[in-house]
Amino acid sequence: MKIAIAGAGYVGLSLAILLSQKNNVSLIDVLDDKVQKINDGISPIKDELAERYLASGVLNLSATTDGETAYKDAQFIIIATPTNYDSRSNRFDTSHVEEAIALSLSINPNATIVIKSTVPVGYTQALADRYPQADILFSPEFLREGNALYDNLHPSRIIVGIPHNSAFKSLQNRADLFANMLLECSSEKSAPTLLMHSTEAEAVKLFSNTYLALRVAFFNELDTYSAARGLDSASIIEGVCLDPRIQAHYNNPSFGYGGYCLPKDTKQLLANYEDVPQNLITAIVDANRTRKDFIVSDVLDKLAQEHSENTAPVIGIYRLIMKEGSDNFRSSSIQGVIKRLAQYGINILIYEPALDEVAFFGNEVTHDLDDLKARSSIILANRWHKDLEDVASKIYTRDLFRRD
């Protein structure tokens, strides 16, 4: 099978690696440097398993900036371009998805298009109405950054959404073929497979991520209450999570939920609730802002207790990334904390080896961890790391369980 994939982010790249084990895959991206790395067997994203697979040299995978050539003979064209949330329009920016689809249809109208990008509820059906002769499917991804290839190899479920049009029966066959292709390349041949309407499949994606955000927000608010009342958060969380109906996942307090998916997906779902009664979805979005406000207030209280007004304390930031094993810090929760702290005119020093720049949001960046430790009065760490052991007394973190 010849497959073209638009977008070499963690979704597109991991999917390309997965499918290129048994198919001929062309991966398209606009960045020359990223394309060159992939063709050299080097992963442009931090994902240990993806790095190993690419370095093996046994994949039938090539990367290119030439979408026209890649689309020409492909039987499936998979769209995995970014859909950032646009606060002005109050919805995802789907322009890159639409550009890729328009180009692919102009070159290869007989290909089956599968949208992997996260889109608003109802988006795929609207596209099918706009292009009634096109075969367009939607298949949500459920991947963790840093473990995207693993999650593709071991899927929790495979969902393919089918819009209603005159070729519905044919699209069902194509959806079956796509789902089976994913299963054949995975290590979980018995993973549940669901075929449903594309609008329901889009809702599955947004509700899944919003529930994960809800869990993060819940345990963060539990931790906020505990900290404000002088209680032991870890003991309370452990006791709560021994209930088999709740269990111990997504329960480790943090500075807030962040990363590329959860903040934008919760906002998009909230936007989709226009004219639909709700309270909870708004609360999930608002809770993340409230948590960051609390973190800043708590840090400022600690600074006031430990430093006199005659000194100018430096707040250190240990990493901008969301979690260990990832090099992505898009929309990370610590950024919201930094912006709030900067409003108080406090000196901020950021340690982030994955960032080449010497400044971030107008704050100094150091690439020397010892420099961060020496100059900082207090160091904020969304996630604990063993490298901080020697300055444990300086560390402010809500990472209670310090899991790897």
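- Here the OG-CD1 distance, from Ser139 to Ile159, works out to 8.0 Å after rounding to the nearest 0.5 Å.
- Residue Tyr225 qualifies as open at atom OH: its count of foreign heavy atoms under 6.0 Å is 12 or below.
- A cation-pi arrangement is found for Arg157 relative to Phe142, the charged atom lying closer than 6.0 Å to the ring centre and inside a 45° cone about the ring normal.
- For Asp93 and Ser95, the side-chain atoms include at least one donor-acceptor pair closer than 3.5 Å.
- Using a cut-off of 4.0 Å between Lys/Arg side-chain N and Asp/Glu carboxylate O, Arg174 and Asp135 are scored as not salt-bridged.
- Each side-chain hydrogen bond (donor to acceptor under 3.5 Å, both in side chains) pair with one or both residues in residues 15-28, not counting sequence neighbours, would appear here, but there are none.
- Gln36 and Asp40 form a side-chain donor-acceptor contact under 3.5 Å, judged by distance and modelled atom types alone.
- A salt bridge between Glu48 and Arg52 is present, with a side-chain N of the basic residue lying under 4.0 Å from a carboxylate O of the acidic one.
- The environment of Lys72 atom NZ is sparse: at most 12 non-hydrogen atoms of other residues, nucleotides or ligands sit within 6.0 angstrom.
- Applying the salt bridge (charged side-chain N to carboxylate O under 4.0 Å, His left out) test to Lys205 and every residue at least two apart in sequence or in another chain returns Glu141.
- Checked against Leu137 for a side-chain contact (heavy atoms from CB on, under 4.5 Å), the options Ile162, Ile115, Ile78 give a single hit: Ile162.
- Sorted by first then second residue, the salt bridge (Lys or Arg N to Asp or Glu O under 4.0 Å) pairs that include residues 344-367, not counting sequence neighbours, are Arg319-Glu352, Glu364-Arg375.
- At a cut-off of 3.5 Å, with distance as the only test, no side-chain donor of Thr112 or Gln75 sits close to an acceptor on the other residue.
- Counting heavy-atom neighbours within 6.0 Å of Glu389 CD, excluding the residue itself, gives a total above 12.
- Figure legend: Lys302 and Tyr396 shown without cation-pi pairing, the cationic atom not lying both under 6.0 angstrom from the six-membered ring centre and within 45 degrees of its axis.
- Considering CG of Asp47 and CG of Asp151, their distance stands at 9.0 Å, rounded to 0.5 Å.
- Under the 3.5 Å distance criterion, the side-chain polar atoms of Gln278 are matched with a main-chain donor or acceptor of Ile281.
- To the nearest 0.5 Å, the span separating CG on Asp265 from CG on Asn209 amounts to 4.5 Å.
- Counting non-hydrogen atoms of other residues, nucleotides and ligands closer than 6.0 Å to OH of Tyr250 gives a total of 12 or fewer.
- Ring orientation note: the planes of His385 and Tyr318 are tilted relative to one another, at an angle of 30° to 60°.
- Across every non-hydrogen atom of Ala201 and Gly161, the tightest pair is CB-CA, 3.8 Å.
- The number of heavy-atom neighbours closer than 6.0 Å to NZ of Lys386, taken from other residues, nucleotides and ligands shown, is 12 or below.
- Taking every heavy atom of both residues into account, Ile77 and Ser104 meet most closely at CD1-CB, 3.5 Å.
- Here the side chain of Ser332 pairs a donor or acceptor atom with the backbone of Leu320 at under 3.5 angstrom.
- Within the model, atoms CG of Asn180 and NZ of Lys189 stand 11.5 Å from one another, a figure rounded to the nearest 0.5 Å.
- Between the side chain of Asn382 and the backbone N or O of Ser254 there is no donor-acceptor pair closer than 3.5 Å.
- Here the closest heavy-atom approach between residue Glu51 and residue Lys46 is recorded as OE2-CA, 3.8 Å.
- Partners of Phe361 according to the ring-ring contact (aromatic ring centres under 6.0 Å, His included) rule, which considers only residues two or more places apart in sequence or in another chain, do not exist here.
- The two residues Leu15 and Lys116 come nearest to each other via the heavy atoms CD2-CG, 3.9 Å.
- When the options Val119, Leu270, Thr118 are evaluated for a side-chain contact (heavy atoms from CB on, under 4.5 Å) with Leu206, the one that passes is Thr118.
- The backbone N or O of Phe360 lies less than 3.5 Å from a partner atom in the side chain of Asn363, making a donor-acceptor pair.
- Side-chain contact check for Asn108 and Asp73: no donor-acceptor pair (N or O, by modelled atom type) lies under 3.5 Å.
- Side chain of Asp223 to backbone of Phe219: no donor-acceptor contact under 3.5 angstrom is found.
- Residue-environment remark: OH (Tyr273) exceeds the threshold of 12 foreign heavy atoms within 6.0 Å.
- Atom CD1 of Ile348 is separated from atom NZ of Lys339 by 12.0 Å, given to the nearest 0.5 angstrom.
- Listed for the Asn288 side chain is no donor-acceptor partner under 3.5 Å among the backbone atoms of Gly256.
- Here the side chain of Asn147 pairs no donor or acceptor atom with the backbone of Tyr150 at under 3.5 angstrom.
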Q.
Between Asp86 and Arg91, is the salt bridge (charged side-chain N to carboxylate O under 4.0 Å, His left out) condition met? List the steps.
A. CA-CA 6 Å; Asp86 184 351; Arg91 58 171 284 147; over 6 Å; no

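- Side-chain contact between Leu153 and Leu49 is present, with at least one heavy-atom pair separated by less than 4.5 Å.
- Between Phe255 and Ser333, the shortest heavy-atom distance links the atoms CB-OG, 3.7 Å.
- Going from atom OG1 of Thr266 over to atom CG of Leu212 covers 11.0 Å, rounded to the nearest 0.5 Å.
- Side-chain contact annotation: Asn272 with Gln268, donor-acceptor N/O pair under 3.5 Å present.
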With a cut-off of 3.5 Å and sequence neighbours excluded, list every side-chain donor-acceptor pair involving residues 27-35.
from: Asp29; atom 1: OD1; to: Ala8; atom 2: N; distance (Å): 3.0
from: Asp29; atom 1: OD2; to: Leu31; atom 2: N; distance (Å): 3.0

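- A salt bridge links Asp293 to Arg340: one of the charged nitrogens lies within less than 4.0 Å of a carboxylate oxygen.
- Not counting sequence neighbours, the partners of Phe178 by the ring-ring contact (aromatic ring centres under 6.0 Å, His included) test are Phe76.
- Under the 4.0 Å criterion applied to side-chain N and carboxylate O atoms, Arg289 and Asp286 are assigned as salt-bridge partners.
- Under 3.5 Å, the side chains of Asn220 and Tyr257 contain no donor-acceptor pair of N or O atoms.
- The backbone N or O of Leu183 lies less than 3.5 Å from a partner atom in the side chain of Ser186, making a donor-acceptor pair.
- Remark: side-chain polar atoms of Ser14 are paired, donor with acceptor, to backbone N or O of Val11 under 3.5 angstrom.
- For Glu68, the CD atom counts as loosely surrounded, since its 6.0 Å shell holds 12 or fewer non-hydrogen atoms of other residues, nucleotides or ligands.
- Within the 3.5 Å criterion, the main-chain N or O of Pro244 finds a donor-acceptor partner in the side chain of Gln247.
- Just one of His197, His164, Arg130 meets the side chain to side chain donor-acceptor pair (under 3.5 Å) condition when paired with Gln125; it is His197.
- Atom OH of Tyr85 has more than 12 heavy atoms from other residues, nucleotides or ligands within 6.0 Å.
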